[in-house]
A.B. asks: 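Input: one structure, supplied below.
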Amino acid sequence: MARDFFCEQLVLTSDGGVREIDLAHPVVCVFGPIDTGKTTLVDCIKYALGLPVAWREVPGQRLQTVTLFLRIEGMRIGLRRSVVKDVSRVELLDSNGGGVEEILDVAPQPDSGRRVVGEVLLDLLGLGEMFAPPSAVALLGAGARLTFEQLYAMCYLTQDVVDGTESVRGKANTAQSYRTVVELLLGLIDGPMRVLTARKDELSRTLSDLRRRAETISAFLTGSAADLETELARSHDEEHAALQRLEEFKGRMRAATAHADPLRRRVQEAEQVLERCRRAVADGEHALARLQQKVKELAHQRDNGPSRRSPCPVCCADLTLRPVPEGDCPLCLSELDPAVLAQALHTAQDALAAAERQLTEQVKAHSEAQTAWEQARIELDARTREEISPLAAQIELLAAAHATARTRTTMLERELEPHRRLAELHRSVQSAEDELKGVREEIRTRKNLLAHRQTTLGEFEEHFTELAGSVDLPGDPGARLNHSSLLPQVRAGNLTKVGHGVRCAINVVYRMAFLSYALVTGATDLPSFLVIDSPRKNVGYGHDDQELVGRLYTHFLDHIAGVRNGSTLRTRPHQIIIVDNDLPQLPKRLLNQMHTIELTRDHPLVP
């Protein structure tokens with residue numbers, strides 16, 4: 001059924017003060033000369049709803065905040081948005097107390113826990129799941145999400161839309177999104193169908209990508225995958241056989257090495273003994289040389305007396321010119337005892353003889369150790385030459401054979417990898433084709449379930465053409481619905497085939513048809529709200545144009561403000577806000593059905 005969306009009050013704060021505008025009427029007509037704020041009024045409604053607005057210069061400079069109180073499906077809320085401070089947020093107000101209940105973002109913000117105002121409005125209208133089914137969004141991301149701005153474009157005829165210079169679908173909608181919105185609002189499709197369609201589109205793109213990749217790989221492949229698989233299997237066998245032989249000889253090498261370990265230990269032990277003997281001989285030679293020097297010095301002192309020593313070992317003074325009495329020590333000047341010196345020489349000579357005998361024994365031990373080491377080394381070399389070296393040579397050959405086989409296997413695997421990827425792609429293509437076939441079958445089943453709703457499109461087209469006929473368009477252009485775009489057209493083709501005034505009238509009647517159809521049938525999900533900016537100015541000011549405008553206003557008031565069912569007048573919740581330069585000549589009974597707001601240059605909208 002039609003969704004209740006009704007603006008009750010607009011509050012503007014500006015440099016000049018506060019202005020409250022009463023909008024709580026089914027039909028509101030705002031009129032006045034140019035630059036008095038008519039378009040600014042509907043821009044303020046749009047701005048408070050969190051939608052983008054290109055402000056006119058003067059109102060944009062003077063406005064501070066815009067507050068809109070409205071009723072959505074029986075719930076009253078307030079929305080307040082600043083024009084000068086943080087324009088990216090909207091305050092959700094309690095309609096009774098006016099307090100701030102929640103801060104909403106105008107657009108989704110990364111890492112923000114706040115809700116988006118457009119999504120809140122869709123949820124209040126009960127259209128959130130329809131416009132952004134979670135399953136479809138999960139499949140296609142943001143591309144499957146219709147927004148409140150696209151819905152509001154169905155409810156707001158800007159001047160560009162009215163005069164036909166822009167497509168009547170509005171700037172917010174592409175051709176595809178507009179058709180989807182209309183189909184949803186008329187019930188021609190539903191949430192499950194959108195999910196299926198999203199899945200079909202995703203599978204179609206995936207299938208196209210898989211086929212393109214398969215074609216790219218196929219273009220560079222040569223040879224047969226079966227032949228490569230056969231050759232690869234043979235290469236694997238050769239590699240395995242070479243590895244087995246290599247492991248076998250490595251085992252034999254380990255056994256031979258273990259058999260030679262006692263000989264290696266003997267060589268190591270002999271090397272340790274030999275090294276000890278070498279160090280002992282070196283130490284003995286050094287001690288012998290030291291003793292020989294000492295004996296030589298003592299013999300020289302015995303024959304020639306002690307030689308002078310300079311400089312002093314303590315203070316480094318020069319002692320060469322110091323007088324030393326005969327027979328005294330040249331260092332300490334003590335009297336020398338020849339017997340003590342002779343005894344020291346005798347002791348040093350005895351120690352030298354003992355050192356010579358010990359060195360002779362050490363040299364003999366070193367010779368014996370050298371012989372034992374050489375013998376052990378000869379035995380180890382013989383064992384290595386007879387048992388280990390042949391195995392090492394064979395292992396080297398087998399390792400080379402295994403490496404060759406492994407290299408060939410790797411090359412074959414690399415050559416075969418594109419073939420395997422191609423086979424996997426073919427399997428993926430088949431799987432995607434099967435799934436796509438199933439989804440298309442589900443879509444056909446769903447379309448059959450929705451087939452009865454196609455009568456709704458026929459009923460809406462009939463309703464539109466009937467209303468266009470009742471307005472009595474000049475020249476009988478034959479206004480009708482294009483079933484492909486769901487936009488209006490004329491008998492001659494698109495709307496550019498008719499004059500400006502007729503085009504404007506058709507656009508207005510087309511949008512009024514949605515609201516009228518919703519009020520007559522109650523069977524659509526369209527919000528029962530419509531804003532029309534300057535229909536009178538855009539149709540023209542000629543006599544015939546004035547009569548056409550009068551018929552348009554009569555349609556607003558007689559066919560929508562009071563929806564007639566036979567002779568019974570019945571009403572549904574709705575609201576129409578018309579903005580124009582002035583009012584046409586209308587009967588008093590029709591004028592009484594409008595709430596008028598007159599703006600003047602002395603009293604513009606923004607104080």
A.B. asks: Does any non-hydrogen side-chain atom of L552 lie less than 4.5 Å from one of M512?
C.D. replies: no
A.B. asks: Can a donor-acceptor pair be found, under 3.5 Å and without considering hydrogens, that links the side chain of Q575 to the backbone of C7?
C.D. replies: yes
A.B. asks: For Y152 and I45, work out which heavy atoms get closest and say how close.
C.D. replies: OH-CG2, 3.8 Å
A.B. asks: Do L127 and L146 have side chains that approach each other closer than 4.5 Å (heavy atoms only, starting at C-beta)?
C.D. replies: no
A.B. asks: May I have all residue pairs that pass salt bridge (charged side-chain N to carboxylate O under 4.0 Å, His left out) and include part of residues 87-111, sequence neighbours excluded?
C.D. replies: R80-E91, D86-R89, E102-R115, D105-R114
A.B. asks: Is there a side-chain contact between M594 and L583 in this structure, where contact means two heavy atoms from C-beta onward sitting under 4.5 Å apart?
C.D. replies: yes
A.B. asks: Rounded to the nearest 0.5 Å, what separation is found between the CG atom of L157 and the CG atom of L530?
C.D. replies: 6.0 Å
A.B. asks: Within the 4.5 Å heavy-atom criterion, are L436 and S204 side-chain neighbours or not?
C.D. replies: yes
A.B. asks: Assess whether side chain to side chain contact (heavy atoms under 4.5 Å, CB included) is satisfied between D476 and R491, documenting all intermediate values.
C.D. replies: CA-CA 9 Å; D476 187 21; R491 187 181 300 111; 3.8 Å; yes
A.B. asks: Which heavy-atom pair separates L23 from V28 by the least distance, and what is that distance?
C.D. replies: O-CG2, 3.7 Å
A.B. asks: Distance from I578 atom CD1 to D533 atom CG, nearest 0.5 Å?
C.D. replies: 11.0 Å
A.B. asks: State plainly whether the residues D434 and K437 are in salt-bridge range, i.e. N to O under 4.0 Å.
C.D. replies: no
A.B. asks: Tell me whether E442 is salt-bridged to K200, with the criterion being a basic N under 4.0 Å from an acidic carboxylate O.
C.D. replies: no
A.B. asks: Only pairs at least two apart or in different chains count here, so list each ring-ring contact (aromatic ring centres under 6.0 Å, His included) that has a residue in residues 61-120.
C.D. replies: none
A.B. asks: Taking all atoms of both residues into account, what is the closest heavy-atom pair of L467 and A513, and its distance?
C.D. replies: CD1-CA, 3.8 Å
A.B. asks: For a quick test of reading the model, state the closest non-hydrogen atom pair linking T65 to S82 and the distance between them.
C.D. replies: CG2-CA, 4.1 Å
A.B. asks: Tell me the ring-ring contact (aromatic ring centres under 6.0 Å, His included) pairs involving residues 79-129, sequence neighbours left out?
C.D. replies: none
A.B. asks: I want to check something: taking the side chain as every heavy atom from C-beta on, are V27 and Y553 in contact at a cut-off of under 4.5 Å?
C.D. replies: no
A.B. asks: Is the F514 ring parallel, tilted or perpendicular to the Y510 ring (thresholds 30°, 60°)?
C.D. replies: perpendicular
A.B. asks: How long is the gap from OG on S177 to CZ on F131, to the nearest 0.5 Å?
C.D. replies: 10.0 Å
A.B. asks: Does CD in E462 sit with more than 12 non-hydrogen atoms of other residues, nucleotides or ligands closer than 6.0 Å?
C.D. replies: no
A.B. asks: Between R444 and E441, is there a salt bridge with N-O shorter than 4.0 Å?
C.D. replies: yes
A.B. asks: Check whether R503 reaches the backbone of T496 with its side chain - one donor and one acceptor, N or O, closer than 3.5 Å.
C.D. replies: no
A.B. asks: When rounded to the nearest 0.5 angstrom, what distance separates CG in L188 from CG in L486?
C.D. replies: 7.5 Å
A.B. asks: State, with a plain yes or no, whether a side-chain heavy atom of T36 is found less than 4.5 Å away from one of L605.
C.D. replies: no
A.B. asks: Going from CG on L121 to OG1 on T147, what distance comes out if it is rounded to the nearest 0.5 angstrom?
C.D. replies: 11.0 Å
A.B. asks: Could you tell me if T39 and D43 have a donor-acceptor pair between their side chains, going purely by distance under 3.5 Å?
C.D. replies: no
A.B. asks: List the steps and the verdict of side chain to side chain contact (heavy atoms under 4.5 Å, CB included) for I506 and F464.
C.D. replies: CA-CA 10 Å; I506 291 175; F464 166 59; 4.2 Å; yes
A.B. asks: Quick test of your reading: applying ring-ring contact (aromatic ring centres under 6.0 Å, His included), list the pairs with at least one residue in residues 578-607, sequence neighbours left out, ordered by first then second residue.
C.D. replies: H25-H595
A.B. asks: Compare every heavy atom of A479 with every heavy atom of T465, then report the nearest pair and how far apart it is.
C.D. replies: CG2-O, 3.2 Å
A.B. asks: Verify side chain to side chain contact (heavy atoms under 4.5 Å, CB included) between L49 and E149, making sure each step is shown before the conclusion.
C.D. replies: CA-CA 9 Å; L49 295 172; E149 183 179 4; over 6 Å; no
A.B. asks: Measure across C44 and L63 and return the closest heavy-atom pair with its distance rounded to 0.1 Å.
C.D. replies: SG-CD1, 4.0 Å
A.B. asks: Is V106 close to R81 at the side-chain level, that is, under 4.5 Å between some pair of heavy atoms?
C.D. replies: yes
A.B. asks: Only one of V83, T13, L12, D15 clears side chain to side chain contact (heavy atoms under 4.5 Å, CB included) with R62; which?
C.D. replies: D15
A.B. asks: Among pairs that include at least one residue of residues 84-104, which meet ring-ring contact (aromatic ring centres under 6.0 Å, His included), considering only residues two or more places apart or in two chains?
C.D. replies: none
A.B. asks: Between V549 and P535, is any pair of side-chain heavy atoms under 4.5 Å apart?
C.D. replies: no
A.B. asks: Could you tell me whether the side chain of K46 and the main chain of V53 form a donor-acceptor pair under 3.5 Å?
C.D. replies: no
A.B. asks: For L93 and V100: C-alpha separation, side-chain torsions, deciding distance, then whether side chain to side chain contact (heavy atoms under 4.5 Å, CB included) applies.
C.D. replies: CA-CA 5 Å; L93 307 178; V100 178; 3.8 Å; yes
A.B. asks: Going by salt bridge (charged side-chain N to carboxylate O under 4.0 Å, His left out), name the pairs with one or both residues in residues 595-607, residues two or more places apart or in two chains.
C.D. replies: none
A.B. asks: Flag the pair E424 and R213 as a salt bridge only when some basic side-chain nitrogen lies within less than 4.0 angstrom of an acidic carboxylate oxygen.
C.D. replies: no
A.B. asks: Rounded to the nearest 0.5 Å, how far apart are CG of L70 and CZ of F529?
C.D. replies: 8.5 Å
A.B. asks: Just by modelled atom types, is the Q150 backbone N or O under 3.5 Å from a matching donor or acceptor in the Y178 side chain?
C.D. replies: no
